[in-house]
Amino acid sequence: MKAAAVLILFGLALTSRAYAQRDAMARAFDLERRGDLAGAADAYLEVLRQRPEDLSALLGLERALTPLHRQAELVNPVRSLLARTPDAGAAYSVGLRAWAAAGEPDSTSAMAERWASLEPTEEGPFRDWGAVLLEQRDRAGARKAYLTGRERLGRPAALAPELAQLAAADGDYETAAREWLLALGELAGYKLAATASLARTPPPRQADVLRELGKSSGIGRRLAAELLARWGDPVAGYALLKSELPAANPAALDALRQFLDALRAEEGKSAQRVRGQVLEEMAARSLGAPAARTRLEAARAYADGGDPAAARRMLALLAADRAAPPQLAASAAATLVGILVEEGEVAEAERRLSQLGATFDAEERGALQRRVAWGWIRQGELDRAETLVSIDSTVEGMALAGRIRLYRGDLAGASDLLRSAGPYAGTRDDATARTALLALIQPIEDDSLPALGSALLELERGDTTRAVRGLEKVAGGLAPTAGGAELYFLAGRIEAARGSTSEAERLLRLASATEAPATAPAAELELARLLLSAGRTTEATGLLEHLILAWPGSAVVPQARRLLDAIHGGVPQT
């Protein structure tokens, strides 16, 4: 009986002690969670005094001490823990950082060696050793640690990701490419890291990286293809990718998706056409609804890339696909209408829109009608454009109706409609263009000026020669303050954009008439930029100084000052 009572009391004591230790850990966790790191460190140390072999407490202590820059205090707890549990690999990792923080490099390397002997087939000891040395900015030491690990482990690809990152950080991108190839041979999952690392290669070194990757096959060459896309040559990149697509369809689709991601930052028609080719290939390898959606994306990419024939081919395949979801029909039809307009087949676009009108909701139908109307405007068919817009009661429709009135020369009607549309109709570019048109016509006293409407219509249609001729003729019949200066200014900017420097200078000087204080400062600034681009720095400087003195209250004076500072070397020219 007596012995049984002793055993019960002993068991209760053990249970009580276990509860106390559990409470101490809970308290330490709570202090850490609340951000009281110093208090948490004390609590974790108390647990380790009671149980020096508690690895969770040691890891918690490191978490608390590291932000406080007190990692050196981990040395004794690590030593105590390893004395009791010498096979605790995580404790060696903590020990590496502790001895490094304590400034004991010999102990650090001894800890790494001891850990490596305990786990002779693992990379962890050498990886953590190198990481500790990198934190101390000892790059040569880190490289030595990684290479020592590779030699000890007897695997050519051991620690390749670490060596690749280190080589890239040192600017040795060729070596980085070789190391990434080794890493990818072990685990394809490194590809994203390899792409991100090598994408930073400066242009003079890119050919070296591509040559290294080209020595491989499969995933290495697919990596080169993505880099080509990121470096501005998507056409060559896609050609390389197609030659290296995996035989298995899922793997091929994955490679195509990754290449598509590499293309996302690229702009321009060439990149859009390649995007269309990639999506077309993906659609050909897919079935059902995914194939239909991808074909629609391909059609849009081809259209944006200036390849309407390919876009229409995708839409024809989509129309013939009985497995395509019905909801894609409206999107495909809208894309087709847009393509027809861009191709100049406006009548066909209007016919298709009329046939498919019921497919769209009112908002979509209105947007497409305005797009077709713009197509008619660019063909000079204002009556047909106005017929489409007349049934559009939206602010976007009102803004477009104002444009049509303007192109007819009805300045009063155009001004009323453009002002009524307000600053929020359409895109930001639309709003900016509308504001510029209002500023152009407001000084003009005539309510109707068909010659100006014709000139602006030619500008919209892309015939800048006839537009400039018309604008100059109208400007010559108006006083500078009654719109003449503004029209000369517009004509001068068009000629400058065309590269006709002498004509642009002549027109901008006409726009700089002192009688038109609202236009002259902006015209002089534009003229100064033109002179500067032609290497006539002295003239540009004099003009800017005149602008600042003659028009001190103008909104363009800060720009003139910055340009003058750039000429004098005060700030970089932007």
Side-chain angles (χ1 to χ4, degrees), residues 2-138 141-142 145:
K2 197 169 184 181
V6 169
L7 285 172
I8 290 170
L9 288 172
F10 182 67
L12 287 172
L14 286 176
T15 303
S16 175
R17 185 178 177 186
Y19 275 119
Q21 288 168 350
R22 199 157 52 239
D23 288 345
M25 278 295 288
R27 179 170 173 272
F29 275 127
D30 185 56
L31 289 167
E32 183 184 354
R33 181 181 59 80
R34 288 188 293 167
D36 184 358
L37 299 179
D42 291 340
Y44 284 125
L45 277 170
E46 183 58 36
V47 174
L48 288 167
R49 288 191 194 98
Q50 299 296 322
R51 285 179 56 84
E53 71 279 10
D54 193 322
L55 183 58
S56 294
L58 178 66
L59 295 173
L61 180 60
E62 184 184 29
R63 289 195 305 274
L65 291 178
T66 298
L68 301 174
H69 305 291
R70 291 166 49 190
Q71 299 98 309
E73 296 177 27
L74 288 160
V75 167
N76 287 330
V78 169
R79 188 180 285 126
S80 297
L81 189 148
L82 289 176
R84 289 165 175 77
T85 53
D87 59 346
Y92 289 97
S93 180
V94 176
L96 281 173
R97 295 185 286 275
W99 265 280
E104 298 185 24
D106 291 342
S107 297
T108 304
S109 58
M111 178 67 64
E113 294 285 358
R114 185 177 167 190
W115 184 12
S117 64
L118 179 70
E119 300 179 0
T121 62
E122 298 299 322
E123 296 180 3
F126 301 99
R127 182 182 294 113
D128 283 18
W129 186 13
V132 164
L133 292 169
L134 281 177
E135 285 181 8
Q136 297 179 322
R137 301 185 179 180
D138 183 1

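Computed over heavy atoms, backbone and side chain alike; hydrogens, waters and symmetry mates excluded.
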Closest approach of [X] and [Y], non-hydrogen atoms and distance?
{"X": "Asp54", "Y": "Leu48", "result": "O-CD2, 3.5 Å"}
{"X": "Ala91", "Y": "Val78", "result": "O-CG1, 3.8 Å"}
{"X": "Leu81", "Y": "Ala88", "result": "CD2-CB, 3.9 Å"}
{"X": "Leu55", "Y": "Ala90", "result": "CD2-CB, 3.9 Å"}
{"X": "Val47", "Y": "Ala24", "result": "CG2-CB, 3.6 Å"}
{"X": "Ala41", "Y": "Leu65", "result": "CB-CD2, 3.8 Å"}

Hey, what do you get for [atom1] ([X]) to [atom2] ([Y]), rounding to the nearest 0.5 Å?
{"X": "Leu96", "Y": "Glu135", "atom1": "CG", "atom2": "CD", "value": "10.5 Å"}
{"X": "Arg63", "Y": "Leu58", "atom1": "CZ", "atom2": "CG", "value": "10.0 Å"}
{"X": "Arg51", "Y": "Met25", "atom1": "CZ", "atom2": "CE", "value": "10.0 Å"}

Side chain proximity check, [X] to [Y], heavy atoms < 4.5 angstrom:
{"X": "Leu118", "Y": "Arg114", "result": "no"}
{"X": "Trp99", "Y": "Arg79", "result": "yes"}
{"X": "Glu73", "Y": "Leu61", "result": "no"}
{"X": "Met111", "Y": "Leu82", "result": "yes"}
{"X": "Tyr92", "Y": "Pro125", "result": "no"}
{"X": "Asp36", "Y": "Asp30", "result": "no"}

Exercise. Side chain of Thr85, backbone of Glu53: donor and acceptor closer than 3.5 Å?
Worked result: no

For this session: Taking Glu122 for its side chain and Ala116 for its backbone only, find out whether a donor-acceptor pair lies under 3.5 Å.
Result: no

Problem set entry | Pair Glu62, Tyr44: side-chain N/O donor-acceptor within cut-off below 3.5 Å | no

For this session: Indicate whether any N or O donor in one side chain lies under 3.5 Å from an N or O acceptor in the other, for Arg84 and Ser80.
Result: no

For this session: Given side chain to side chain contact (heavy atoms under 4.5 Å, CB included), test Glu104 with Val75 step by step and report yes or no.
Result: CA-CA 10 Å; Glu104 298 185 24; Val75 167; 5.5 Å; no

Exercise. Do Arg27 and Asp23 pass the salt bridge (Lys or Arg N to Asp or Glu O under 4.0 Å) test, and can you show the C-alpha distance, the side-chain angles, and the key distance before you say yes or no?
Worked result: CA-CA 6 Å; Arg27 179 170 173 272; Asp23 288 345; over 6 Å; no

Problem set entry | Audit row: Ser93, Trp115, side chain to side chain contact (heavy atoms under 4.5 Å, CB included) steps and yes/no | CA-CA 8 Å; Ser93 180; Trp115 184 12; 3.7 Å; yes

